[in-house]
Amino acid sequence: MNDVAISNDPNVQTLRAQIEKRLDSFAEALPSHITPEQFKAVLVRAAMADPKLLTADRVSFFEAALAAAIDGLMPDKKEGAMVIYRSKIREGNKANGKEIWIDKVQWMPMIRGIFNKVYNTGLVKSATVGIVYGGDQFRAWVDDDGEHLFHEEADEQDRKIIRRVYAQVVMKSGGCFVDTMRSDDIEKVRQSSKNKDSGPWVDWWEEMAFKTVFRHLSKRLPFSREVSPILDRDNFLYDLAAQARDITPAGNRPRGIANRLDALVGITDQSGSSIPMEKLGENEKLPAERKDTGRKTEQQQRRRDTRQDDDRRQQNDQQDGDRDGDQPTGGAEQEAAAYRAGREARSKEMSRKAIPAEYKKEEALTAAWLEGFDAEGN
């Protein structure tokens, strides 16, 4: 079917009209360099390229579109994508209704869009991610001058062998931040996904691997507050509800999904080399031991500040969703209520397993309650 035929499809025409009604909402969220008409055109093009978006749950479609607008990125599969995922709902009467599976839509920023936000801080000289394949020359180390990375691709790479996935950020001020992960560490994160055998981890494995290692690196960046909200867009992929079965004492349990994923693969959040950088060749030198400069304490304070900012940002996002009367916001309101209930439960020293029944009916509500329970500042 050609583009003309697709554009004349009744489903496309209906979606275009519905988007038109919400342009004012998008205009309030979009940055000045993206016009509402440009955003509308990209949304329609995305739906035309993936017919499942035309028949997916329309409420979640517009929630995903608004999230993209808030992030100031285009859903063009370059800066970000509208991702389909399966979700179970109860049809009709909540008590006696039949459970059915439907397609929902989620906004997922891609590494290019994330890097756009990184460069917009004005602090970064370069940001890169990469995969080290068999045959490549590679070394990552730490010495008294800071963190370093060297990667030279082989003329004939063995792409069946993935030795490392890495991220590097070089600051304009001269500092450098490096993080690396092994393929089995990436695999552990994939295994924790609710859709490990479908969706983004299958369609865009490299993209998800890049974001996984950059997400870990981002916690050490001086502008982590600016990029953490966009990285948290991927939270829907991971089974936070399963965390309710965690028997680790609450005081020792890692808080926040990024720290939980790090704990899953055995990574500790240290200020210098977060992952042991092992010798990768016979002629390579072991990295010098980094001196303790007290950065760990500063990093802990930064994480506490970040969580407080996230709390305020979630409240602001809820208010943004209420601006347009046509924009459905019931799901966002319920998740915000679940988040607040989780915080209150923690303040009352209740058990983490004591999730109220009304928040167990949907995974999103369970996840929101747990996030509130685990939030810093309780």
Side-chain angles (χ1 to χ4, degrees), residues 77-79 81 108-116 118-119 124-171 174-193 196-221 231 234 237 258 261-262 264-268 270 272-290:
K77 291 190 176 180
K78 296 177 182 177
E79 295 184 344
M108 189 184 78
M110 304 183 87
I111 197 68
R112 175 173 168 179
I114 294 170
F115 278 0
N116 283 349
V118 168
Y119 284 117
V124 174
K125 179 180 179 181
S126 68
T128 56
V129 289
I131 296 178
V132 182
Y133 293 102
D136 290 356
Q137 294 186 37
F138 179 76
R139 184 185 175 208
W141 73 100
V142 181
D143 58 24
D144 291 340
D145 294 325
E147 302 174 41
H148 310 273
L149 182 146
F150 171 80
H151 179 208
E152 183 176 347
E153 295 183 356
D155 291 336
E156 296 182 3
Q157 294 176 316
D158 185 351
R159 289 187 167 251
K160 295 181 180 179
I161 300 176
I162 296 177
R163 295 165 58 194
R164 293 288 191 280
V165 181
Y166 66 83
Q168 180 185 46
V169 173
V170 179
M171 307 296 293
C176 180
F177 296 87
V178 174
D179 221 322
T180 70
M181 295 180 73
R182 298 173 182 271
S183 60
D184 55 351
D185 291 335
I186 299 292
E187 177 61 17
K188 289 178 183 178
V189 174
R190 186 188 74 84
Q191 287 292 331
S192 72
S193 171
K196 62 176 185 263
D197 297 319
S198 62
W201 273 108
V202 174
D203 299 335
W204 302 307
W205 185 92
E206 288 188 1
E207 180 75 24
M208 297 304 296
F210 288 151
K211 290 202 293 182
T212 298
V213 68
F214 184 79
R215 184 172 192 157
H216 183 255
L217 173 64
S218 69
K219 295 186 297 178
R220 296 195 287 120
L221 299 176
L231 292 170
D234 282 3
L237 291 170
L261 293 178
D262 292 346
L264 180 69
V265 299
I267 300 173
T268 58
Q270 300 170 351
S273 178
S274 297
I275 304 175
M277 298 180 181
E278 298 180 358
K279 184 176 178 182
L280 299 180
E282 293 182 357
N283 297 324
E284 293 178 341
K285 297 180 180 179
L286 289 174
E289 182 178 354
R290 171 171 286 239

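We count residues from 1, following the sequence as given. Since we're looking at a predicted model, the values are computed, not measured.
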- Query: Relative to each other, are the rings of Tyr166 and Phe138 parallel, tilted or perpendicular (30° and 60° limits)?
  - Reply: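 Parallel, since the angle between the ring planes stays under 30°.
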
- Aromatic ring pairing His148/Trp141, orientation class (parallel under 30°, perpendicular over 60°, tilted between):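 The rings of His148 and Trp141 lie parallel, inter-plane angle below 30°.
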
Looking at residues at least two apart in the chain, or sitting in another chain, which of them share a side-chain contact (heavy atoms from CB on, under 4.5 Å) with [X]?
X: Met171; answer: Leu123, Val124, Val169, Ser173, Phe177, Pro222, Phe223
X: Glu152; answer: Gln137, Phe150
X: Asp158; answer: Lys160, Ile161

Side chain proximity check, [X] to [Y], heavy atoms < 4.5 angstrom:
X: Phe210; Y: Val165; value: yes
X: Asp179; Y: Phe214; value: no
X: Met208; Y: Asp234; value: yes
X: His151; Y: Leu149; value: yes

Looking at [X] and [Y], what are the two nearest heavy atoms and their distance?
X: Ala154; Y: Gly135; answer: CB-O, 3.2 Å
X: Pro109; Y: Lys211; answer: O-NZ, 2.6 Å
X: Val118; Y: Ala127; answer: CG1-CB, 4.4 Å
X: Trp204; Y: Ala81; answer: CH2-CB, 3.8 Å
X: Glu147; Y: Val178; answer: OE1-N, 2.8 Å
X: Ala167; Y: Val129; answer: CB-CG1, 3.9 Å

- Sequence neighbours left out, what passes salt bridge (Lys or Arg N to Asp or Glu O under 4.0 Å) with Glu187? Give chain and number order.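 Residues passing salt bridge (Lys or Arg N to Asp or Glu O under 4.0 Å) with Glu187: Arg190.
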
- Message: Which residues pass the salt bridge (Lys or Arg N to Asp or Glu O under 4.0 Å) test with Asp155, not counting sequence neighbours?
- Response: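 So Asp155 forms no salt bridge (Lys or Arg N to Asp or Glu O under 4.0 Å) with any residue.
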
- What is the distance from atom CD1 of Ile114 to atom CG of Leu231, rounded to the nearest 0.5 Å?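 Here the rounded value is 5.0 Å.
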
- Query: So how far is it from Cys176 SG to Asp145 CG, rounded to the nearest 0.5 Å?
  - Reply: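 Here the rounded value is 11.5 Å.
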
- Item | Residue pair Thr212, Met181: steps toward the side chain to side chain contact (heavy atoms under 4.5 Å, CB included) verdict | CA-CA 9 Å; Thr212 298; Met181 295 180 73; 4.0 Å; yes

- Would you sort out whether Trp201 and Val189 count as a side chain to side chain contact (heavy atoms under 4.5 Å, CB included), showing the intermediate values? CA-CA 10 Å; Trp201 273 108; Val189 174; 4.1 Å; yes

- Task: Kindly write out the residues that satisfy side-chain hydrogen bond (donor to acceptor under 3.5 Å, both in side chains) with Glu206, not counting sequence neighbours, or none if the list is empty.
- Result: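 Applying side-chain hydrogen bond (donor to acceptor under 3.5 Å, both in side chains) to Glu206 gives Tyr133.
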
- Query: Given Glu79 and Met110, is the side chain to side chain contact (heavy atoms under 4.5 Å, CB included) satisfied, shown in steps?
  - Reply: CA-CA 5 Å; Glu79 295 184 344; Met110 304 183 87; over 6 Å; no

- Taking 4.0 angstrom as the limit, do Arg163 and Asp136 come out as a salt bridge?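 Result for this pair is no, no salt bridge flagged.
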
